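Quick notes on the structure that follows.
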2 protein chains.
Amino acid sequence: MKPTVHDIAKIAGVSLATVDRVLNGRPGVRSVTRGKVEDAITSLGYVRDLAAANLAKSRTYSFVFILPANDNSFMIGLHEEVRGAVARSSAERTDIRIVDVPPFDPGALVAALEAVLAEKPAGVAFVAIDAPEVRAVARRLTEAGVPMVTLVSDLPDSSRDHYAGIDNIAAGRTAGSLMGRFLSGPLLGERGATVAVLAGSMLVRDHRERLEGFSTVIAHAYPNVHILPVLEGRDDPGLSETMVAEALRRNADIAGIYSLGAGNRGLIRALQKAHGPRRPLVIAHELTASTRAALADGVIDAVLNQDAGHEVRSAIRVLKAKADGLPVLAAQERIRIDIFLKDNLP
Amino acid sequence: MKPTVHDIAKIAGVSLATVDRVLNGRPGVRSVTRGKVEDAITSLGYVRDLAAANLAKSRTYSFVFILPANDNSFMIGLHEEVRGAVARSSAERTDIRIVDVPPFDPGALVAALEAVLAEKPAGVAFVAIDAPEVRAVARRLTEAGVPMVTLVSDLPDSSRDHYAGIDNIAAGRTAGSLMGRFLSGPLLGERGATVAVLAGSMLVRDHRERLEGFSTVIAHAYPNVHILPVLEGRDDPGLSETMVAEALRRNADIAGIYSLGAGNRGLIRALQKAHGPRRPLVIAHELTASTRAALADGVIDAVLNQDAGHEVRSAIRVLKAKADGLPVLAAQERIRIDIFLKDNLP
DNA sequence: CAAATTCTGATTTACGTACCTCAGAATTTC
DNA sequence: GAAATTCTGAGGTACGTAAATCAGAATTTG
């Protein structure tokens, strides 16, 4: 039978209240008594029953999710997943509030985080923007004892407790490796091949990191692949379409395109309208309705994906654990980079 | 505030006991009274607090995991993960017992399942062997009301409640697609290329399915790739090594190898000892210490993986949900096919 | 019709922990 | 030395649900 506080009290020869004070670090216990209780705890191998504790505390974890009000499919899906978590909140003893902020706007994010700081919830999750002022608020949140996880986009070298997202450098490297291998052969002649890169903005850390990983692998392993200057489409369908169409017109020999941001709707439209001698090899990020269809149709060759549902659930699990001062199962919380070809679409 | 049984009792004008009888389907309530209680439940939107219910029942979920006593790295890892779950069992209110059975032995599996049937646990998970007698015991378990999930290898068209494992046909297709694309070009000349397939046993369903997916994609999308007769290495390092070495000696022009079973240690040794004009392209299953090293060294080009930890945790979550008659979050429980290149090794 | 038997509903206790209130002892203050 | 103030410990109640026990009414049986 699992030992309980009653067993501890009996063994240590004290009352329940004393055991409780020791367990919860409350004052009012002589050090000798404390010692006896601690001995009993270790000798019995007592572990607190979290379910019972939470019931007694009638605890609900109040979490705040700060999400950019982007209208691309990925962010919409992320919103959807958080709303799903809100729907499950009564069963999971959580009380999740969603705060929308304008995208790519450090000031707005800082303001939102400051509002959070004022209400002191049990935890915050947010899509980070890599800026010093954001790091500064993060530090104040940590000082205030508010657990904090970054979602999708990280804030390295900050005081965040956890990052629920993929390793974007590894993602870029994977894309580069796939691009190089897929190009090797028919498209990669003696004189090399040209690839274009479509990003949202180089101001966003995840996009920068993906490009970094991609470029590194191409430079080292596929030196005869030439990368054109990055197209920054601001994750906007229209702008992305124009930029890609323009690039395809100007460089008839583009053999591959790596879309590392969320401008895939525009990219796909541009590709469908194009009529070059042969279709370029396309690797994109995020499996959405449009990239899925494009993958099935052969317009896109591979999609690297991060599962927003897993990210949200992981963030919640980690916030709960941090709020309770519990360790996290690192293996369970690592967000993986999914690679989808048209053959393993779920 | 979340409604409780007390609120229901108050609204319906009855006692707690009556509410409890209605909620738990116990007899002794007149249908008019039952109706009043049910109305109150729906109007309040009551949902049972599982934590409190489990506490009151002082419930522990007793699960049995039946695992083949294979000595390949994947199965060892699977064992490890189940033992991890056993270690966490007190915190998770589970009581998990591991039963080892000899591998590839339907009779032993049936015997183990029958033993399980006798003790009626709250759920069973097992690595299925696709045989009629196994299906028959599965049916009896279902009739006895024991929730049942298959792990790693499925038992389709049976009464199992859930399958915690990957879609092996999709995995085979993915391998075929990667093989075809990676080969296209330097290795795939005018007259085509030859690939070898190393399996454990064609008697095991997951191996059959992987081969099926692989062959289908190759036949349709890469008609000039020729697949040699399957090598059945029984997942044995020594036998696998001899068979691969033999095949490489006999067919100097092998351009690719697909290892769809667990005989990777032998395969890797054979590859390291081989000294052909050029290294074949190798795609294998399951990320273990040896395949990871081979991937990093460039001996293997891609590894398809199923995360044993996720499978075990998913199986437990599903068994719990089934034991409580709760729905499962399908999106969360889908086990994904990880594709690892040397660039995205975790 | 009294006694036995079912129905139906109410009360009460338990699960393991948190936390509030209270009592007695030890210590300090005037 | 009496009163006030800490310490230290005990007891009890609450969280939301399950389930055992109890009590009264309705029904059946001889």
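Model, not experiment: these values are computed from the prediction. We name chains A, B, ... by the order of the sequence lines, and we start the count at 1 in each one.
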Next on the checklist: Going by side-chain hydrogen bond (donor to acceptor under 3.5 Å, both in side chains), name the residues that satisfy it together with Asp324(A), two or more places apart in sequence or in a different chain.
Outcome noted: Arg59(A), Tyr61(A)
Quiz: residues 82-91 of chain B side-chain donor-acceptor pairs under 3.5 angstrom, not counting sequence neighbours:
{"residue": "Arg83(B)", "atom": "NH2", "partner": "Glu80(B)", "partner atom": "OE1", "Å": "3.0"}
{"residue": "Arg88(B)", "atom": "NE", "partner": "Glu92(B)", "partner atom": "OE2", "Å": "3.2"}
{"residue": "Ser89(B)", "atom": "OG", "partner": "Val86(B)", "partner atom": "O", "Å": "2.5"}

Next on the checklist: Which residues pass the side-chain hydrogen bond (donor to acceptor under 3.5 Å, both in side chains) test with Asp95(A), not counting sequence neighbours?
Outcome noted: none
Checklist entry - In whole angstroms, how far is the P atom of dT17(C) from the CG atom of Asp324(A)? => result 14 Å
Item to check | Which residues share a side-chain hydrogen bond (donor to acceptor under 3.5 Å, both in side chains) with Ser62(A), sequence neighbours left out | outcome: none
Item to check | Sequence-distant partners of Ser58(A), side-chain hydrogen bond (donor to acceptor under 3.5 Å, both in side chains), two or more places apart | outcome: none
Next on the checklist: Measuring to OP1 and OP2 of dG9(D), would you say a side-chain N or O of Thr33(A) lies under 4.0 angstrom away?
Outcome noted: yes
Next on the checklist: Within the 4.0 Å limit for protein heavy atoms, which parts of nucleotides 11-21 of chain D are touched? Write it as a string from 5' to 3', B for base, S for sugar-phosphate only, - for none.
Outcome noted: B---BBBBB-B
